[in-house]
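Notes follow the structure.
Letters A, B, ... are given to chains in the order of the sequence lines, protein chains preceding strands, and every chain is numbered from 1.
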Number of protein chains: 2
Amino acid sequence: MSRGAGAGVRESLEAPGSREKILDVAEALFARRGFAGVGLREVALAVGLGKSSLFHHFRSKVQLYLEVLGRVLGRIDERLRPALAAGGGPAERLMRSLDVLVDALAEHPTTARLLLRGLFEDDAFPADLGPEGDTVERRLASLICGIEALLREGIERGAFRRVSIPHMMQTLIGATVYHFASGEFGEGLIGGSLFSAEEVRRRKEELRAVLDHGLTA
Amino acid sequence: MSRGAGAGVRESLEAPGSREKILDVAEALFARRGFAGVGLREVALAVGLGKSSLFHHFRSKVQLYLEVLGRVLGRIDERLRPALAAGGGPAERLMRSLDVLVDALAEHPTTARLLLRGLFEDDAFPADLGPEGDTVERRLASLICGIEALLREGIERGAFRRVSIPHMMQTLIGATVYHFASGEFGEGLIGGSLFSAEEVRRRKEELRAVLDHGLTA
DNA sequence: GTCTATACTACGATAGAC
DNA sequence: GTCTATCGTAGTATAGAC
């Protein structure tokens with residue numbers, strides 16, 4: 001309780017809170033250039049602080065990175081969990097959840113990049129990630145397990161074909177997270193922004209079309 | 001012709017050729033930690049040279065990176081091009097090409113990672129990439145265009161449903177490149193190596209199953 | 001809570017001896 | 001073709017004044 005994640009309740013309510021601002025700036029930079037590609041000097045400068053002042057808010061660069069990642073996962077978890085839990089058959093719940101996931105990824109262009117980069121950079125860190133690393137892993141596991149359970153239930157109840165659940169998970173992640181993380185390459189393919197309302201709608205349609213003919217029994 | 005890509009024919013045939021060795025080592029490192037995460041010192045040490053000796057073979061770190069990327073794209077292009085060109089209907093050619101792509105990605109665990117990282121890191125470089133950058137872009141465009149053309153032909157000839165070609169491209173890339181780039185995360189999902197013969201076969205099956213029910217008319 | 005100053009290491013790249 | 005030495009910059013992180 002002495003330095004838990006919820007510390008500083010009194011000040012964090014209305015204070016301009018460099019902390020949030022730092023996380024915002026760091027999120028944008030880490031999304032664009034990855035963990036190793038961003039220097040704390042750049043983060044500090046962009047947030048209007050001296051380099052050393054960052055260490056008053058975050059113990060290290062790794063901790064800052066993990067908090068950025070945890071916040072992103074939290075934003076998704078927050079929206080996906082109710083979508084997964086709400087009523088309807090497995091197919092209906094899956095489609096609704098994927099729509100919610102797509103909306104969440106489309107809302108901030110940083111989100112998908114950060115997530116996908118997070119998958120790649122986990123071997124650049126020491127094995128032990130501390131409490132912030134645990135938060136990240138817990139939230140990620142929660143997301144994954146929720147969708148896995150939905151697939152499993154759908155298969156058991158005959159709503160889905162008997163696919164390999166892990167492989168279908170990978171296909172779904174590719175079709176959502178990869179798509180919105182593909183940046184300039186994806187925009188070159190599509191011929192415009194990945195994040196316009198129209199293209200987001202189109203992605204949902206594609207996802208639905210592929211799954212309706214490829215997963216639903 | 002004075003310093004083209006094919007220079008040094010005489011020596012490169014049998015000489016131990018630090019060049020190839022450097023590319024091998026750099027490929028492994030860039031795949032694991034990305035452009036910014038790798039120092040030339042580390043590359044040099046791993047290949048058994050002093051740091052400065054690298055500059056005798058490559059003008060800069062960016063050039064080294066681009067040559068690594070170009071070589072990977074070349075390996076894929078080399079195998080995918082005949083698969084795309086060989087006979088059969090659009091559906092048959094697409095499935096065969098995806099099998100070949102999966103085999104190419106599965107052969108070296110570095111390949112998919114390098115490709116996916118390449119998509120993310122193109123904004124970390126200056127706009128002008130020089131001749132090596134042109135090679136990379138040309139090979140990438142060749143790959144993409146080949147598959148796009150196949151999809152287009154299949155739709156025109158009624159073999160495929162009238163999907164959005166760019167969105168289907170993204171789905172296919174996600175289902176292949178992302179999958180094999182997903183590293184520890186993917187292995188955690190699958191519960192074992194992504195690159196074992198069995199899991200590679202399973203990925204092909206999944207791909208085929210999804211497409212057979214989601215793309216083929 | 002932010003600052004200056006500093007420690008120490010590593011970075012990409014160049015010069016020039018051998 | 002590899003080496004040592006060096007340049008100038010930037011990296012993470014700490015100490016301590018204000």
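- Between B/Arg202 and B/Glu198, at least one side-chain N (NZ, or NE/NH1/NH2) sits under 4.0 Å from a carboxylate O, which counts as a salt bridge.
- Put simply, CZ on A/Arg33 is 10 Å from P on D/dG11, counting in whole angstrom units.
- Taking the side chain as every heavy atom from C-beta outward, B/Ser142 and B/Arg81 approach each other to under 4.5 Å.
- For A/Ser53 and C/dC3, the shortest distance from a side-chain N or O to OP1 or OP2 is below 4.0 Å.
- With sequence neighbours excluded, no residue forms a salt bridge (Lys or Arg N to Asp or Glu O under 4.0 Å) with A/Glu78.
- Taking atom CD1 of residue B/Ile22 and atom P of nucleotide D/dG1, one finds them 11 Å apart after rounding to whole Å.
- Applying the ring pair (Phe, Tyr, Trp, His ring centres under 6.0 Å) definition to pairs two or more places apart or across chains, none involves residues 40-61 of chain B.
- As rounded to whole Å, 14 Å separates atom C1' of D/dT12 from atom CZ of A/Phe125.
- Residue pairs meeting the ring pair (Phe, Tyr, Trp, His ring centres under 6.0 Å) criterion with at least one member in residues 94-113 of chain A, sequence neighbours excluded, do not occur.
- Heavy-atom neighbours of B/Arg33 CZ from other residues, nucleotides or ligands within 6.0 Å: above the threshold of 12.
- With a 4.5 Å cut-off on side-chain heavy atoms, B/Val210 and B/Thr171 do not count as touching.
- At its two ends the helix from C/dG1-D/dC18 to C/dC18-D/dG1 runs along axes set 0° apart, each axis drawn from five pairs and the angle rounded to 10°.
- Applying the ring pair (Phe, Tyr, Trp, His ring centres under 6.0 Å) test to pairs two or more places apart or on separate chains, those with a residue in residues 59-83 of chain B are B/Phe30-B/Tyr65, B/Phe35-B/Tyr65, B/Tyr65-B/Phe125.
- Rounded to whole Å, the distance from NE2 on B/His56 to C1' on D/dT2 is 8 Å.
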(request) If a protein heavy atom is under 4.0 Å from the base, mark B; if only from the sugar-phosphate, S; if neither, -; do that for nucleotides 7-18 of chain C going 5' to 3'. (result) ----SBBBB---
